[in-house]
Amino acid sequence: PSPEFVLKDIKGRVVRLSDYRGKVVLINFWATWCPPCRAEIPDLIRLQRDYRSRGLQVIGVTYPPQKLSEVRSFVQKEQVNYPVVLGIKKTKLLFTSSETLPMTIVIGKDGKIHDIIEGILLPEEFEQKIKPLLK
């Protein structure tokens, strides 16, 4: 099963992973200083928009070091349509010891980790590893 986390989003609201039980959750570890992370965000925005009604929930978790003002500015500029929370190194260690960014943890509707995708989430990976979980 997936470990729980309780973190604050960029507006100061508490976000619990358990609040999304029953959905397919993509926990995306990223940073504003990471070029591949920045490149991946538009795809995640599109997936959230296109698959929200089928039970998909993306949660962006920043990886330190991050300044709240930089994260807020980036999220606003890109019009990110999913919750973005401020992570600490320990948050990522709940799931993996890998230092790779971006990294996406795939959690099924059953609350279990189904996959860990290192690097940019490719369209074919979404089709093979995530879309079947939305059925």
Hydrophobic cluster membership, Phe5 vs Tyr82, 4.5 Å side-chain cutoff = no
ask   = Could you walk me through whether Thr104 and Glu40 pass the side-chain contact (heavy atoms from CB on, under 4.5 Å) check?
value = CA-CA 11 Å; Thr104 303; Glu40 178 182 49; 4.1 Å; yes
task = Measure the spacing between CG of Leu133 and NZ of Lys112 and express it to the nearest 0.5 Å.
result = 12.5 Å
request  = Assign the ring pair Phe74 / Trp30 to parallel, tilted or perpendicular, where the plane angle (0 to 90°) is split at 30° and 60°.
outcome  = tilted
request  = Answer yes or no: is there a side-chain heavy-atom contact under 4.5 Å between Leu47 and Leu121?
outcome  = yes
request  = May I ask you to test the Arg13-Pro83 pair for a side-chain heavy-atom distance under 4.5 Å?
outcome  = no
request  = Determine whether Leu17 and Leu94 fall in the same hydrophobic cluster, where Ile, Leu, Val, Met, Phe, Trp and Tyr are linked whenever their side-chain heavy atoms lie under 4.5 Å apart.
outcome  = yes
remark   = To the nearest 0.5 Å, atom NZ of Lys90 lies from atom CG of Leu93 at 9.5 Å
ask   = If you measure only the distance, is there a donor-acceptor pair under 3.5 Å linking the side chains of Ser98 and Thr100?
value = yes
task = Verify, without hydrogens or angle tests, whether Thr62 (side chain) and Gly87 (backbone) share a donor-acceptor contact under 3.5 angstrom.
result = yes
task = Write down the atom of Ile120, the atom of Ala39, and the distance for their closest heavy-atom approach.
result = CD1-CB, 4.4 Å
Nearest heavy-atom neighbours spanning Pro3 and Ile113 = CD-CD1, 4.0 Å
ask   = Atom OH in Tyr63, atom CE in Met103: separation rounded to 0.5 Å?
value = 9.5 Å
ask   = How far apart are the closest heavy atoms of Ala31 and Arg38, and which atoms are they?
value = O-CG, 4.3 Å
query = Are any side-chain N or O atoms of Arg72 and backbone N or O atoms of Ile10, one a donor and one an acceptor, separated by less than 3.5 Å?
reply = yes
inquiry  = I'd like to know if the side chain of Gln66 reaches the main chain of Thr32, judged simply by a donor and an acceptor atom lying under 3.5 Å from each other, with no hydrogens or angles considered.
reply    = yes
ask   = Are there more than 12 heavy atoms of other residues, nucleotides or ligands under 6.0 Å from atom CD of Glu4?
value = yes
request  = Return yes when atom CZ of Arg16 has more than 12 non-hydrogen atoms of other residues, nucleotides or ligands closer than 6.0 Å, and no otherwise.
outcome  = no
Rounded distance [0.5 Å steps], CD1 in Ile27 versus CD1 in Ile107 = 3.5 Å
message = Here's a test for you: under side chain to side chain contact (heavy atoms under 4.5 Å, CB included), which of Asn28, Ile116, Ile117 qualifies with Ile105?
response = Ile116
query = Is it true that Val106 and Ile59 fall in one hydrophobic cluster, defined by side-chain heavy atoms closer than 4.5 Å?
reply = no
request  = State plainly whether one hydrophobic cluster holds both Val85 and Tyr20, where clusters connect Ile, Leu, Val, Met, Phe, Trp and Tyr through side-chain heavy atoms under 4.5 angstrom apart.
outcome  = yes
message = Would you say CD of Gln79 has more than 12 non-hydrogen atoms from neighbouring residues, nucleotides or ligands within 6.0 angstrom?
response = no
Closest approach of Phe29 to Leu101 (non-hydrogen atoms, all atoms of both residues) = O-CD2, 3.5 Å
Arg46 CZ to Tyr51 OH distance, which is reported to the nearest 0.5 Å = 7.0 Å
query = How long is the gap from CG on Leu26 to CG on Leu44, to the nearest 0.5 Å?
reply = 7.0 Å
ask   = Taking side chain as C-beta onward, heavy atoms only, is Leu56 less than 4.5 Å from Lys23?
value = no
note = For Lys109 and Leu134 the tightest heavy-atom approach is NZ-O, 3.5 Å
ask   = Does some side-chain heavy atom of Lys92 sit less than 4.5 Å from a side-chain heavy atom of Val61?
value = no
request  = Could you tell me which non-hydrogen atom of Thr91 sits nearest to which non-hydrogen atom of Leu7, and how far apart they are?
outcome  = CG2-CD1, 3.7 Å
inquiry  = Please say yes or no: joined through hydrophobic side-chain contacts below 4.5 Å, possibly via intermediate residues, are Val75 and Leu68 part of one cluster?
reply    = yes
